[in-house]
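The basis for the numbers below is simple: all heavy atoms, side chains too, and nothing from hydrogens, waters or symmetry mates.
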Amino acid sequence: MTMRLPQIGAISASSIPSYSSDSSSSDSNNVNKSFWRCAEANPRFQVPKKAIQPDLLLSSQSIRCEYNPDLSIARQTLTEPPVPTERKYKTGCGGGTTTGKGVPVYVMLPLDSVTMANGVNRRKAMNACFQALKSAGVEGVMMDVWWGLVEREVAGEYNWGGYSELLEMAKRYGLKVQAVMSFHQCGGNVGDSCTIPLPKWVVEEINKDQDLAYTDQWGRRNYEYLSLGCDTIPCLKGRTPIQCYADYMRAFRHRFSHLLGDTIVEIQVGMGPAGELRYPSYPEKDGIWKFPGIGAFQCYDQYMLCSLKAAAENYGKPEWGTTGPTDAGEYNNSPEETNFFKRECGGWNGEYGKFFLSWYSQMLLDHGERILTSATSIFNNRGVKISVKVAGIHWHYGTRSHASELTAGYYNTRFRNGYLPIAKMLSRFNAVLNFTCVEMRNHEQPQGAHCSPENLVQQVALATREAHVSIAGENALPRYDDYALEQILRAAEKAEMCAFTYLRLKRELFEVENWRKFVAFVKKMKEGKDVERCWEQVEKEAEHFVQVTQPLVQEAAVALIEY
């Protein structure tokens, strides 16, 4: 049965504006309109090379260490049931406040939605997909706004080409946008399907000073994201990394001020590899790390070591300031294969281990606080919500040391709640905590990996509740089966999520059976636990809707090229 778009919109109770599959303006015209130089960027100046001062690297003079074991945390995480409440959520954790039990659903766009030439990739497919998503009741889309594309050639010059067109496209179809300030490299992480390096001028500075990159104890460099150890060092042509991130966000605000609070409802601030607030402790590139390895500490560039030295001297143990743990094993070890992470008498639970892990995790928190200070001041009173993504590191969660979380910077053990400090930090900025691995269940994971994703999600949800922080969710891996979708529904309700972002927009999503399940999932998420309507009725409605919209969905599936 063939139907016109206005008919489809009527069925879904949402209007679908007509839009040509190909923009009337060319890519070159879009580039010209969006290419500009930020007048607010800090002036570049020359800074002479000199010895690194420890006080430049520490955001506070004291290292906050919490050493008192609290077994109640572990018991609470595993036993405390969620308190059922009617929640107030904001559309996409941003925009106007509404009261309800439902959770709006967003869909992540392909990583390469904008080309290296600053145009829209697969424009015809994007139009078809946007129409299909809107007709299905999807709230909006999430898009990575890559630093390596926008400020690629020259420091302080920004080309928003493809993003201007994508955002206008979303506006025409009535889709909200979660814009991710992606300050990391694309390529080398789970699900990365393309390569987008850091800006050329940043790479040039890294080539001059390799210590700008995260470094492990074997001297291996990681170029996914600038080391947080140099956050306050004017190492990027006279600007500090924090200043560069702030200038970029300021330029984004200036260029898209007319869309903020209306189309753009959320700014997710990238804070590490894969955009997550963490260290690059488990890099997949070149086979360095494989699941379920414990990973490795990333604190061996000169800037991190300088900070560690200052922290050790401040603690009264200067001998601890020359290196990180030397008995923490290698990337693909298990906890019991190391002296530092082993269950009994492991170094993680000794005085040195507690000192080091407190410093290592505090450096990550300070990094997040520095960026959020800039982000909240830049987007203050703009009608958008600020969010931060926290990684769902669920492997070895069932062990005492939680080794995989420790190497990533989350000081979470059997005796210490590592997610409460993160939630409290976010609460000071009224930021949303976006958490992954929501679709996973404990028994689906390999037994030897000691995975507990459900318990991890519950612990994070409890931390956000205690800190009075909103929580949003994502699935870590693409899933189309009922089992995963039902788990997301359950987790979203228990955690009282304000939004959920589905990974990811791909051709498989529009296959008939997958699309039927997804449409039903979106309806269930939006309606919440309504006792007056059974899921079977919702699924029947979804099946009828899929039949009606079949021509549109087929167009999206055909147009969307596999990436």
ask   = Does one side chain, of Gln210 or Tyr223, offer a donor that lies under 3.5 Å from an acceptor on the other?
value = yes
request  = Return yes if a side-chain donor-acceptor contact under 3.5 Å exists between Asn127 and Tyr173, otherwise no.
outcome  = yes
ask   = Is the side chain of Arg504 donor-acceptor paired with the backbone N or O of Leu109 at a distance under 3.5 Å, no angle test?
value = yes
Distance-only side-chain donor-acceptor flag, Ser387 / Glu266, under 3.5 Å = yes
request  = Provide the closest heavy-atom pair for Pro280 versus Glu224 in the form atom of the first, atom of the second, distance.
outcome  = CB-OE2, 4.1 Å
request  = Verify whether the ring centers belonging to Tyr419 and Tyr410 lie closer than 6.0 Å.
outcome  = yes
request  = Considering non-hydrogen atoms only, spot the tightest contact between Thr376 and Ile386 and give its length.
outcome  = CG2-CG1, 4.3 Å
task = Quick one: pull up CZ in Arg239 and SG in Cys244 and give me the separation to the nearest 0.5 Å.
result = 3.5 Å
request  = Could you check Met440 against Glu454 for side chain to side chain contact (heavy atoms under 4.5 Å, CB included), going step by step and ending with a plain yes or no?
outcome  = CA-CA 7 Å; Met440 296 182 178; Glu454 293 177 83; over 6 Å; no
message = Contact between Ile196 and Gln185 at the side-chain level, heavy atoms closer than 4.5 Å - yes or no?
response = no
ask   = Looking at CZ of Phe500 and CG of Leu489, how far apart are the two atoms once the value is rounded to the nearest 0.5 Å?
value = 9.0 Å
message = Quick one: does any side-chain atom of Thr115 pair with a main-chain N or O of Ala117 as donor and acceptor, under 3.5 Å?
response = yes
task = Would you mind telling me which of Pro199, Ser113, Cys186, Pro197 makes a side chain to side chain contact (heavy atoms under 4.5 Å, CB included) with Trp146?
result = Cys186
Note, Val154 side chain near Trp201 side chain (heavy atom, < 4.5 Å) = no
ask   = Does the separation of the ring centres of Phe291 and Tyr282 fall below 6.0 angstrom?
value = no
request  = For residues Val469 and Ala431, report the shortest heavy-atom separation together with the two atoms involved.
outcome  = CG1-O, 3.3 Å
ask   = Do Val522 and Glu527 touch side chain to side chain, with heavy atoms closer than 4.5 Å?
value = no
task = Go through the steps for Ile471 and Glu496 under the test side chain to side chain contact (heavy atoms under 4.5 Å, CB included), then give the verdict.
result = CA-CA 7 Å; Ile471 183 172; Glu496 299 178 4; 5.8 Å; no
task = Hey, could you give me the CG/CE distance between Leu503 and Met108, rounded to the nearest 0.5 Å?
result = 4.5 Å
task = For residues Leu198 and Ile206, determine if any side-chain heavy atom of one lies less than 4.5 Å from a side-chain heavy atom of the other.
result = yes
task = Look up atom CG in Leu236 and atom CD in Glu205, then write down how far apart they are to the nearest 0.5 Å.
result = 6.5 Å
inquiry  = Before you tell me yes or no, could you show the steps for Asp262 and Lys171 under salt bridge (charged side-chain N to carboxylate O under 4.0 Å, His left out), namely the whole-Å CA-CA distance, both residues' side-chain angles and the distance that decides it to 0.1 Å?
reply    = CA-CA 9 Å; Asp262 180 18; Lys171 179 181 179 180; 5.2 Å; no
task = Evaluate the salt bridge (charged side-chain N to carboxylate O under 4.0 Å, His left out) criterion for residues Lys389 and Glu474: first the C-alpha distance (whole Å), next the side-chain angles of each, then the deciding distance (0.1 Å), finally the verdict.
result = CA-CA 9 Å; Lys389 185 183 293 188; Glu474 293 180 6; 3.0 Å; yes
message = When you compare the side chain of Arg441 with that of Arg490, does any pair of heavy atoms fall below 4.5 Å?
response = yes
request  = Give, for atom CD of Glu513 and atom CG of Asp481, the distance between the pair rounded to the nearest 0.5 Å.
outcome  = 11.0 Å
query = Phe518: what forms a ring pair (Phe, Tyr, Trp, His ring centres under 6.0 Å) with it, not counting sequence neighbours?
reply = Tyr502, Trp515
task = Assess the side chains of Asn430 and Lys385: does a donor N or O sit below 3.5 Å from an acceptor N or O?
result = yes
task = Output, in order, the C-alpha distance, side-chain angles, deciding distance and verdict of side chain to side chain contact (heavy atoms under 4.5 Å, CB included) for Leu433 and Val388.
result = CA-CA 5 Å; Leu433 191 156; Val388 174; over 6 Å; no
message = Looking at Glu168 and Glu165, would you say the former's side chain and the latter's main chain have a donor-acceptor pair under 3.5 Å?
response = no
Pairwise distance CZ(Arg278) to CD(Glu405) - rounded to 0.5 angstrom = 12.5 Å
inquiry  = Do Lys506 and Tyr480 make a side-chain contact, defined as non-hydrogen atoms from C-beta onward lying under 4.5 Å apart?
reply    = yes
request  = Could you tell me whether the side chain of Trp395 and the main chain of Gly293 form a donor-acceptor pair under 3.5 Å?
outcome  = yes
query = Does Asn475 use its side chain to pair, donor to acceptor, with the backbone of Leu477 at less than 3.5 Å?
reply = yes
task = Check whether any side-chain heavy atom of Arg382 lies under 4.5 Å from a side-chain heavy atom of Ser257, and answer yes or no.
result = yes
query = Between Tyr331 and Asp216, is any side-chain donor less than 3.5 angstrom from a side-chain acceptor?
reply = yes
Asn118 versus Arg152, side-chain donor and acceptor atoms under 3.5 Å = yes
inquiry  = Main chain of Phe183, side chain of Tyr248: is a donor-acceptor contact present, judged purely on distance under 3.5 Å?
reply    = no
ask   = What's the verdict on ring pair (Phe, Tyr, Trp, His ring centres under 6.0 Å) for Tyr279 and His367, showing C-alpha distance, side-chain angles and the deciding distance?
value = CA-CA 11 Å; Tyr279 294 97; His367 171 68; 8.6 Å; no
inquiry  = Regarding Gln178 and Thr501, do their side chains bring together a donor and an acceptor under 3.5 Å, going by distance alone?
reply    = yes
inquiry  = Quick check: do Ser374 and Ile242 have side-chain heavy atoms less than 4.5 Å from each other?
reply    = yes
key: Donor-acceptor under 3.5 Å (Asn332 side chain, Ile288 main chain)   = yes
query = Ignoring hydrogens and geometry, is there a side-chain-to-backbone donor-acceptor pair from Asn121 to Asp112 under 3.5 Å?
reply = yes
message = Could you report the tightest heavy-atom contact between Glu151 and Gly156, atom names first, then the distance?
response = OE2-N, 2.7 Å
message = Less than 3.5 Å apart, any donor N or O on the side chain of Glu444 or Tyr483 sitting next to an acceptor on the other?
response = no
query = Considering all heavy atoms of both residues, which atom of Cys498 and which atom of Pro104 are nearest to each other, and what is their separation?
reply = O-CD, 3.3 Å
note = For Leu505 and Met126 the tightest heavy-atom approach is CD2-CE, 3.8 Å
task = Establish, from distance only, whether the side-chain atoms of Ser164 and Arg255 form a donor-acceptor pair under 3.5 Å.
result = yes
query = Which is it for Glu486 and Lys524 under the salt bridge (charged side-chain N to carboxylate O under 4.0 Å, His left out) test, yes or no, and what are the steps along the way?
reply = CA-CA 10 Å; Glu486 288 294 335; Lys524 291 176 184 178; 3.1 Å; yes
ask   = Quick check: does any side chain N or O of Thr407 sit under 3.5 Å from a backbone N or O of Ile294, one acting as donor and the other as acceptor?
value = yes
request  = Could you tell me whether Phe252 and Phe256 have their ring centroids closer than 6.0 angstrom?
outcome  = yes
Exam field: side chain Thr436 to backbone Gly392, donor-acceptor pair closer than 3.5 Å = yes
task = Give the C-alpha distance, both sets of side-chain angles, the deciding distance and a yes or no for side chain to side chain contact (heavy atoms under 4.5 Å, CB included) between Met116 and Leu149.
result = CA-CA 6 Å; Met116 296 299 290; Leu149 291 181; 3.2 Å; yes
